[in-house]
Undergrad: 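Starting off with a structure, shown below.
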Amino acid sequence: MCICCRFASSIGYWKDPYIQYFVRQTGERKAPEINRGYYGRVKGVNHLLDSFLKQTKCNCQVINLGAGLDTTFWRLKDEELLPRKYFEVDFPMVVSRKTLCIKTRAPLLKPIIETHSSDSILIDSHGLDSDRYSVIGADLRDLPVLEEKLKKCNLDTQLPVVLLAECVLVYMAPERSANLVRWAADTFQTAMFINYEQVNMADRFGQIMVENLQRRQCTLAGVEVCRSLETQINSFCFIPLLQKDRFLLNGWENASAVDMMSVYNSLPRDDVSRIEKLEFLDEKELLQQLLQHYCICWATKDSNNLGLADITF
């Protein structure tokens, strides 16, 4: 994702002044349909995230699962939408790379210092912890260790939380992802889970996507849960279910799911018109096919009656 996002943002699909400090620009151009797909992904996920932050008046926490080199923390600070605390979780090797970038690049470190109350910030190759931002190295399949590390960085389970997972659950075995979804529902009383991943993977286009990923040694362990919006496979009993039932059967009160074509069509028309002028797209049918093979599912629990179930596109 990082290289694709760096390229798309560099030619004007959206503004991200921070990604340059994590990802080098390459000379390779990405296809217009790929760039528009990433535009829809970024705008769609940001819409749900920002809606949650505004609904909670930022008196909440964000946990970005499998965050990689994501730059959302810096965007939220610039837009004055920073939550009480922003957590990122990824494998230790990824965390080591990210913390090194932060330590050695002043435009990344300065915003963290500005939101920290004391002189020193804990930052090393194993992670980062400050008043408003933490980067944690952990395996999402090891839930006791994940919870321990989050609480060590002052996770407040009584505070509303939004969890982000972008192409993360699909790389986990179905029972593992179900455990993660259940853990989140059991741990937080007021919460939202935003999940972006592949869908409609049972048709020929989806099969080609899987084969292409396999050639790059990327195994989608949870691809059986991504067969379609209408027919998903429950992790426990393997019967056809709606995709949102992955959440409803694992402790969440409300859930919705839409494919990325619907998300793309819901975005502000003036901005979509702007980005569609950036590059000529010869085969619009290919973009439609691509967007129909990704989706966003979001689920909520709302013990505080904040109106989280009303968040939608």
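The model shown is predicted, which means the values in this text are computed figures rather than measured ones.
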Undergrad: For Arg176, look at atom CZ and say whether over 12 heavy atoms of other residues, nucleotides or ligands are found less than 6.0 Å away.
TA: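 Open: at most 12 neighbouring heavy atoms sit under 6.0 Å from CZ of Arg176.
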Undergrad: Taking the inter-plane angle between the rings of Tyr264 and Tyr39 on a 0 to 90° scale, is it parallel (under 30°), tilted (30 to 60°) or perpendicular (over 60°)?
TA: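 Ring orientation, 0 to 90° scale: perpendicular.
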Undergrad: What's the verdict on side chain to side chain donor-acceptor pair (under 3.5 Å) for Gln61 and Asp156, showing C-alpha distance, side-chain angles and the deciding distance?
TA: CA-CA 8 Å; Gln61 301 158 114; Asp156 183 351; 5.6 Å; no
Undergrad: What is the distance from atom CZ of Phe87 to atom CD1 of Ile63, rounded to the nearest 0.5 Å?
TA: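 Rounded to the nearest 0.5 Å, the CZ-CD1 separation comes to 6.5 Å.
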Undergrad: Looking at side-chain heavy atoms only, is the closest gap between Val161 and Val62 below 4.5 Å?
TA: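 Contact flag for Val161/Val62 side chains = no.
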Undergrad: Transitively linked via ILVMFWY side-chain contacts under 4.5 Å: Phe91 with Leu164?
TA: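 No, separate clusters.
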Undergrad: Is there a donor-acceptor contact under 3.5 Å from the side chain of Gln292 to the main chain of Met261?
TA: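 No: the side chain of Gln292 does not pair with the backbone of Met261.
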Undergrad: Does the cation-pi check pass for Lys98 over Phe22, that is, NZ or CZ under 6.0 Å from the six-membered ring centre and within 45° of its axis?
TA: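 Yes.
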Undergrad: Check this for me: Arg141, atom CZ, are more than 12 non-hydrogen atoms of other residues, nucleotides or ligands nearer than 6.0 Å?
TA: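 Not buried by this count: 12 neighbours or fewer within 6.0 Å.
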Undergrad: Mark yes or no for whether His47, through its side chain, and Ser51, through its backbone, hold a donor-acceptor pair below 3.5 Å.
TA: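 No; judged by distance alone, with no hydrogens or angles, the pair does not exist.
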Undergrad: In chain order, what residues pass the salt bridge (charged side-chain N to carboxylate O under 4.0 Å, His left out) check against Lys77, with sequence neighbours excluded?
TA: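 By the salt bridge (charged side-chain N to carboxylate O under 4.0 Å, His left out) rule, Lys77 matches Glu114.
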Undergrad: Determine whether Val95 and His126 make a side-chain contact, defined as any pair of heavy atoms from C-beta on separated by less than 4.5 Å.
TA: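 Not touching, per the 4.5 Å side-chain cut-off.
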Undergrad: Let me check something: do Trp14 and Leu291 share a hydrophobic cluster, defined by ILVMFWY side-chain heavy atoms less than 4.5 Å apart, either directly or through other members?
TA: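 Yes, one cluster joins them.
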Undergrad: Side chain of Ser96, backbone of Pro92: donor and acceptor closer than 3.5 Å?
TA: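 No; judged by distance alone, with no hydrogens or angles, the pair does not exist.
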Undergrad: Could you go through Trp252 and Phe188, starting from their C-alpha distance and side-chain angles, then the distance that decides it, and tell me whether this counts as ring pair (Phe, Tyr, Trp, His ring centres under 6.0 Å)?
TA: CA-CA 10 Å; Trp252 294 82; Phe188 306 101; 8.5 Å; no
Undergrad: Could you pull out the closest heavy-atom pair between Ile102 and Leu109, with the gap in Å?
TA: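 Between these two residues, the closest heavy atoms are O-CB, 3.4 Å.
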Undergrad: With a 6.0 Å cut-off on the ring centroids, do Tyr38 and Tyr13 count as close?
TA: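 Ring centres of Tyr13 and Tyr38 not closer than 6.0 Å.
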Undergrad: Hey, any chance Ile34 and Ile3 share a hydrophobic cluster, counting ILVMFWY side chains that come within less than 4.5 Å of each other, even indirectly?
TA: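 Cluster IDs for Ile34 and Ile3 match.
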Undergrad: A quick test of your reading: do over 12 heavy atoms of other residues, nucleotides or ligands sit less than 6.0 Å from CZ of Arg182?
TA: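 Yes, because the 6.0 Å sphere around CZ of Arg182 holds more than 12 heavy atoms from other groups.
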Undergrad: Heavy atoms only: give me the nearest Leu82-Cys58 pair and the separation to one decimal.
TA: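 Leu82 and Cys58 have their closest heavy atoms at O-CB, 3.6 Å.
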Undergrad: Write down the atom of Thr312, the atom of Trp298, and the distance for their closest heavy-atom approach.
TA: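 Scanning both residues, the minimum pair turns out to be OG1-CZ2, 3.6 Å.
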Undergrad: Can you see whether Ser10 engages Gln25 through a side-chain donor-acceptor pair at a distance of less than 3.5 angstrom?
TA: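 Their side chains do contain a donor-acceptor pair, which is all the 3.5 Å distance test asks for.
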Undergrad: Tell me the closest heavy-atom pair linking Glu197 and Val170, and the distance in Å.
TA: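 Scanning both residues completely, I find the closest heavy atoms to be OE1-N, 3.3 Å.
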Undergrad: Do Leu159 and Leu150 sit in the same hydrophobic cluster, where Ile, Leu, Val, Met, Phe, Trp and Tyr count as joined when their side-chain heavy atoms come under 4.5 Å apart?
TA: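 No; Leu150 is not reachable from Leu159 via cluster members.
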Undergrad: Thr190 and Leu308: which non-hydrogen atoms are nearest, and at how many Å?
TA: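 Nearest pair, atom of Thr190 first, then Leu308: CG2-CD1, 3.9 Å.
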Undergrad: Parallel under 30°, tilted from 30 to 60°, perpendicular over 60°: which one fits the rings of Tyr133 and Trp74?
TA: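 Aromatic pair Tyr133/Trp74 classed perpendicular.
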Undergrad: Can a donor-acceptor pair be found, under 3.5 Å and without considering hydrogens, that links the side chain of Arg132 to the backbone of Ser130?
TA: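 No, the answer is negative, given that no donor and acceptor are paired below the 3.5 Å cut-off.
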Undergrad: Side chains of Thr72 and Asp70: donor-acceptor distance under 3.5 Å anywhere?
TA: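 There is such a pair (donor and acceptor under 3.5 Å, judged by atom type) between the side chains of Thr72 and Asp70.
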Undergrad: Quick check: do Thr115 and Asp131 have side-chain heavy atoms less than 4.5 Å from each other?
TA: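 When only atoms from C-beta onward are counted, Asp131 and Thr115 do not touch, as no gap falls below 4.5 Å.
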Undergrad: Under 3.5 Å, side chain of Asp16 to main-chain N/O of Ile19, donor-acceptor pair present?
TA: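 Yes, the answer is positive, given that a donor and an acceptor are paired below the 3.5 Å cut-off.
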Undergrad: At their closest point, which heavy atom of Arg6 faces which heavy atom of Arg24, and how far apart are they?
TA: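 That would be NH1-C, 3.5 Å.
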